[in-house]
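Report on one structure; see the data block that follows.
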Number of protein chains: 2
Amino acid sequence: MNRKICKVEIERLRRFIPERDHFETRTQKLISLVDRLDEEALSSEVKIFKAFADINRLKIVKLLKEGELCVCELTVALDNSQSTVSHHLSILKNAGVIKERKEGKWSYFRLSDGAVIGLLNQAKLLMEE
Amino acid sequence: MNRKICKVEIERLRRFIPERDHFETRTQKLISLVDRLDEEALSSEVKIFKAFADINRLKIVKLLKEGELCVCELTVALDNSQSTVSHHLSILKNAGVIKERKEGKWSYFRLSDGAVIGLLNQAKLLMEE
DNA sequence: AATTCATATCTACAGGTATCGATATGATTT
DNA sequence: AAATCATATCGATACCTGTAGATATGAATT
């Protein structure tokens with residue numbers, strides 16, 4: 001997760017900073033704002049959004065709104081290979097979106113809580129505007 | 001976006017369907033549920049989640065909560081190359097998350113509306129649980 | 001009109017990720 | 001204990017994506 005730092009570019013931009021009204025104070029404010037961002041918290045947010053950023057995983061989430069399901073049911077419903085479904089489930093689980101319950105040979109998955117549905121609704125709202 | 005269909009796998013699973021209580025009706029219900037999902041709408045949702053699924057784009061969104069900013073300000077604040085920032089902005093714009101306003105040489109970007117902030121809050125909620 | 005500047009686009013590349021088949025694991029059934 | 005079954009993990013592969021430098025574009029300045 002280490003971005004390459006582009007110092008040359010920054011210097012190039014800094015050269016004209018004093019020439020524009022308020023530019024320096026504005027950018028200083030922005031820089032300190034970025035510095036105050038919690039990188040770890042941001043990474044968690046990214047992880048959640050990544051979890052939702054795949055059509056098959058979205059389908060899984062929408063199916064799980066109907067209730068708990070096992071891997072084999074999801075495999076049939078999604079028409080994907082079992083290993084693929086398993087992979088998607090582990091990403092969703094790792095992001096905290098879904099929870100697992102083992103029962104004998106079966107693993108049942110369910111949505112973590114109502115926040116997921118709220119998230120989806122917000123996204124839809126954003127989309128419709 | 002064309003998933004490969006894994007018929008063999010499905011057939012393998014179908015063989016034991018009649019042997020489990022309610023499995024057939026359950027999976028039939030799930031399959032028809034998936035069939036009724038609007039692929040195009042799902043793709044839009046995925047596009048939005050993808051827009052948020054990068055740490056630099058999240059930072060841009062958080063910076064834009066402070067108000068309208070031009071590309072060069074974001075470039076300094078994020079310490080990324082100009083082309084990279086421009087690329088991220090085009091993804092956010094394409095997903096409908098931000099809007100652009102041109103003024104002379106400058107391009108100013110702003111958040112589309114309050115839905116973004118709601119979306120972020122929902123994600124945070126989900127994360128904290 | 002020539003230069004400078006802000007931004008967008010193109011090109012290349014490294015790392016990430018979705019997918020599947022094959023195999024491993026761990027439970028259940030025979 | 002051997003076989004079967006559900007799921008997870010591994011290995012390979014093709015595609016996707018974030019990044020930066022180079023170049024193009026279009027506006028403002030000289």
Side-chain angles (χ1 to χ4, degrees), chain A residues 1-10 12-17 19-20 23 43 46-47 49-60 69-76 78-95 100-109, chain B residues 1-10 12-17 19-20 23 43 46-47 49-60 69-76 78-95 100-109:
Chain A
M1 286 297 164
N2 45 347
R3 289 178 292 117
K4 275 180 201 154
I5 302 208
C6 181
K7 289 296 180 199
V8 182
E9 184 68 29
I10 297 299
R12 190 180 74 77
L13 284 162
R14 277 202 199 286
R15 274 189 291 123
F16 66 83
I17 287 178
E19 295 161 27
R20 292 198 54 214
F23 193 100
S43 296
V46 168
K47 202 199 271 186
F49 285 121
K50 276 194 168 147
F52 284 97
D54 177 271
I55 196 160
N56 282 312
R57 289 198 291 273
L58 268 190
K59 284 180 184 175
I60 290 174
L69 292 171
C70 72
V71 182
C72 62
E73 288 170 316
L74 287 167
T75 302
V76 175
L78 293 179
D79 199 14
N80 275 163
S81 76
Q82 178 263 316
S83 67
T84 297
V85 173
S86 216
H87 174 239
H88 286 312
L89 287 169
S90 81
I91 288 172
L92 286 167
K93 196 175 101 176
N94 200 246
E100 186 175 10
R101 180 177 66 86
K102 300 233 182 201
E103 185 182 320
K105 291 186 281 189
W106 288 273
S107 283
Y108 290 96
F109 290 89
Chain B
M1 281 303 162
N2 44 350
R3 289 181 291 116
K4 272 178 202 155
I5 301 210
C6 182
K7 291 295 181 198
V8 181
E9 184 70 28
I10 298 299
R12 191 180 72 78
L13 284 161
R14 279 203 198 286
R15 273 190 291 123
F16 66 83
I17 286 178
E19 296 161 27
R20 292 198 54 212
F23 192 100
S43 296
V46 168
K47 202 200 270 186
F49 285 122
K50 276 193 169 147
F52 283 97
D54 176 89
I55 194 160
N56 282 310
R57 290 198 288 272
L58 268 189
K59 284 179 184 176
I60 289 173
L69 292 170
C70 72
V71 182
C72 62
E73 288 171 316
L74 287 166
T75 301
V76 175
L78 293 178
D79 200 13
N80 274 165
S81 76
Q82 178 263 316
S83 68
T84 297
V85 173
S86 214
H87 175 240
H88 286 313
L89 287 169
S90 81
I91 289 172
L92 286 167
K93 196 175 100 176
N94 200 246
E100 187 175 10
R101 179 177 67 85
K102 299 233 185 202
E103 184 183 320
K105 290 187 283 190
W106 286 273
S107 283
Y108 290 96
F109 290 89

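Throughout, protein chains are lettered first and strands after them, A, B, ... in sequence-line order, and every chain is numbered starting at 1.
- To the nearest angstrom, C1' of D:dT19 lies 12 Å from CZ of B:Arg57.
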Show your working on side-chain contact (heavy atoms from CB on, under 4.5 Å) between B:Tyr108 and B:Glu103 and close with a plain yes or no. CA-CA 7 Å; B:Tyr108 290 96; B:Glu103 184 183 320; 4.0 Å; yes
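- In this structure, A:Leu92 and A:Ala51 approach most closely via the heavy-atom pair CD2-O, 3.8 Å.
- In this entry the distance linking CG of A:Leu74 with P of D:dA6 reads 14 Å, nearest Å.
- One interatomic measurement links the two molecules: CH2 of A:Trp106 to C1' of C:dT28, which rounds to 8 Å at whole-angstrom precision.
- For B:Thr75 and B:Gln82, the side-chain atoms include no donor-acceptor pair closer than 3.5 Å.
- Partners of A:Lys105 under the side-chain contact (heavy atoms from CB on, under 4.5 Å) rule, at least two apart in sequence or in another chain, do not exist in this structure.
- One atom, CD1 of A:Ile55, and another, C1' of D:dC15, lie 16 Å apart when rounded to the nearest Å.
- For B:His88, whose side chain is taken as the heavy atoms from C-beta onward, the closest listed nucleotide among D:dG18, C:dC20, D:dA20 is D:dG18.
- Side-chain atoms of A:Arg101 do not come within 3.5 Å of backbone N or O of A:Trp106 as any donor-acceptor pair.
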Show your reasoning for whether side-chain contact (heavy atoms from CB on, under 4.5 Å) applies to A:Leu58 and B:Phe49. CA-CA 10 Å; A:Leu58 268 190; B:Phe49 285 122; 4.1 Å; yes
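- What separates CG of A:Leu69 from P of D:dA6 is a distance of 15 Å, to the nearest Å.
- Rounded to an integer number of Å, the gap from CG of A:Asn94 to P of D:dT9 is 11 Å.
- To the nearest 0.5 angstrom, B:Asp54 atom CG is 4.5 Å from B:His88 atom NE2.
- A distance-only check finds a donor-acceptor pair linking the side chain of B:Arg57 to the backbone of B:Lys50 [under 3.5 Å].
- The nearest whole Å value for the distance from the CG atom in A:Asp54 to the C1' atom in D:dC15 is 13 Å.
- For the helix from C:dA1-D:dT30 to C:dT30-D:dA1, the axis fitted to the five pairs at one end and the axis fitted to the five pairs at the other end meet at an angle of 20° (nearest 10 degrees).
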Got a list of protein N/O to nucleotides 8-15 of chain C N/O distances below 3.5 Å?
residue: C:dA8; atom: OP1; partner: B:Glu100; partner atom: OE2; Å: 3.2
residue: C:dA8; atom: OP2; partner: B:Ser86; partner atom: OG; Å: 2.4
residue: C:dA8; atom: N7; partner: B:Gln82; partner atom: NE2; Å: 2.8
residue: C:dA8; atom: N6; partner: B:Gln82; partner atom: OE1; Å: 3.2

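- Contact check, A:Asn80 against C:dA18: no side-chain N or O comes under 4.0 Å of OP1 or OP2.
- Side-chain contact of B:Thr84 with B:Ser81: a donor-acceptor pair under 3.5 Å is present, judged by distance alone.
- Between B:Lys105 atom NZ and D:dA28 atom P there is a gap of 8 Å when expressed in whole angstrom units.
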